[in-house]
Amino acid sequence: SAPSLPPYFTKGSIIQLADGELKRVEDLKTEDFIQSAEISSELKIDSSTVERIDSSHTPHFAIIQFAVGEHRSQVSVEVLVEYPFFVFGQGWSSCCPDRTTQLLELPCAKLSVGDVCISLTLKNLK
Amino acid sequence: VPVFPWHSLVPFLETSQSN
């Protein structure tokens with residue numbers, strides 16, 4: 001079947017924060033993720049900076065290279081061009097925001113090199 | 001109505017996935 005986005009990115013999806021509060025996916029703010037990670041005993045927020053965005057040989061996919069965490073580890077991921085990432089202070093962003101909004105009705109900005117996205121890591125990761 | 005946990009929305013990009 002055609003690759004598709006997880007349902008929780010669809011506008012109106014109910015998201016539960018670590019303190020139990022319920023919010024709609026389109027209303028989430030940077031603070032919601034930061035506070036939830038602070039409450040979580042297992043998860044920590046990592047900053048992942050977009051270093052490159054290349055088109056993939058796979059149609060409708062892009063390859064995004066991130067510098068992840070303190071050590072700026074180089075990680076490349078291949079994602080659907082409409083896959084939304086949460087950018088600090090900016091909100092949902094994707095390589096093809098029009099497509100994201102068309103498919104998910106989720107307001108979305110353009111993901112660009114230099115954007116710092118929220119990612120997760122385990123707190124007890126040595 | 002399904003409720004999704006906050007941490008499902010953002011990725012783990014740890015080095016275990018580095019290329």
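Hydrogens, waters and symmetry mates are skipped; everything else that's a heavy atom, side chains included, is used. Each chain gets a letter, A, B and so on, in the order the sequences are listed, and its residues count up from 1.
- Side-chain contact between A:S48 and B:L13 is present, with heavy atoms from C-beta onward closer than 4.5 Å.
- To the nearest 0.5 Å, atom OG of residue A:S36 and atom NE2 of residue B:H7 are 9.0 Å apart.
- Residue B:P2 touches chain A through its backbone alone, counting heavy-atom pairs closer than 4.5 Å.
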If you apply the rule side-chain contact (heavy atoms from CB on, under 4.5 Å), what do you find for B:F12 with A:D46, and how did you get there? CA-CA 9 Å; B:F12 280 82; A:D46 242 351; over 6 Å; no

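- With hydrogens and angles ignored, the 3.5 Å screen pairs no side-chain donor or acceptor of A:Y8 with any backbone N or O of B:L9.
- For residues 10-35 of chain A, a heavy-atom distance under 4.5 Å to chain B picks out A:S13, A:I14, A:I15, A:Q16, A:L17, A:A18, A:L22, A:V25, A:L28, A:F33, given by residue number.
- For A:E78, there are no salt bridge (charged side-chain N to carboxylate O under 4.0 Å, His left out) partners at least two apart in sequence or on another chain.
- Criterion: ILVMFWY side-chain heavy atoms under 4.5 Å apart, direct or through other members. Under it, A:V68 and A:I118 are part of a common hydrophobic cluster.
- Checked against side-chain contact (heavy atoms from CB on, under 4.5 Å), A:P7 has the following partners two or more places apart in sequence or in another chain: B:F4.
- Contact of B:V1 with chain A is made through the side chain alone, with heavy-atom distances under 4.5 Å.
- Tracing side-chain contacts under 4.5 Å through hydrophobic residues (I, L, V, M, F, W, Y), one never reaches A:L80 starting from A:I63; they form parts of separate clusters.
- Annotation: residues 82-113 of chain A contacts chain B through A:F85, A:F86, A:W92 [non-hydrogen atoms, separation under 4.5 Å].
- Side-chain contact between B:W6 and A:L43 is present, with at least one heavy-atom pair separated by less than 4.5 Å.
- Hydrophobic clustering (ILVMFWY, side-chain heavy atoms < 4.5 Å, transitive): A:I45 and A:L122 are in one cluster.
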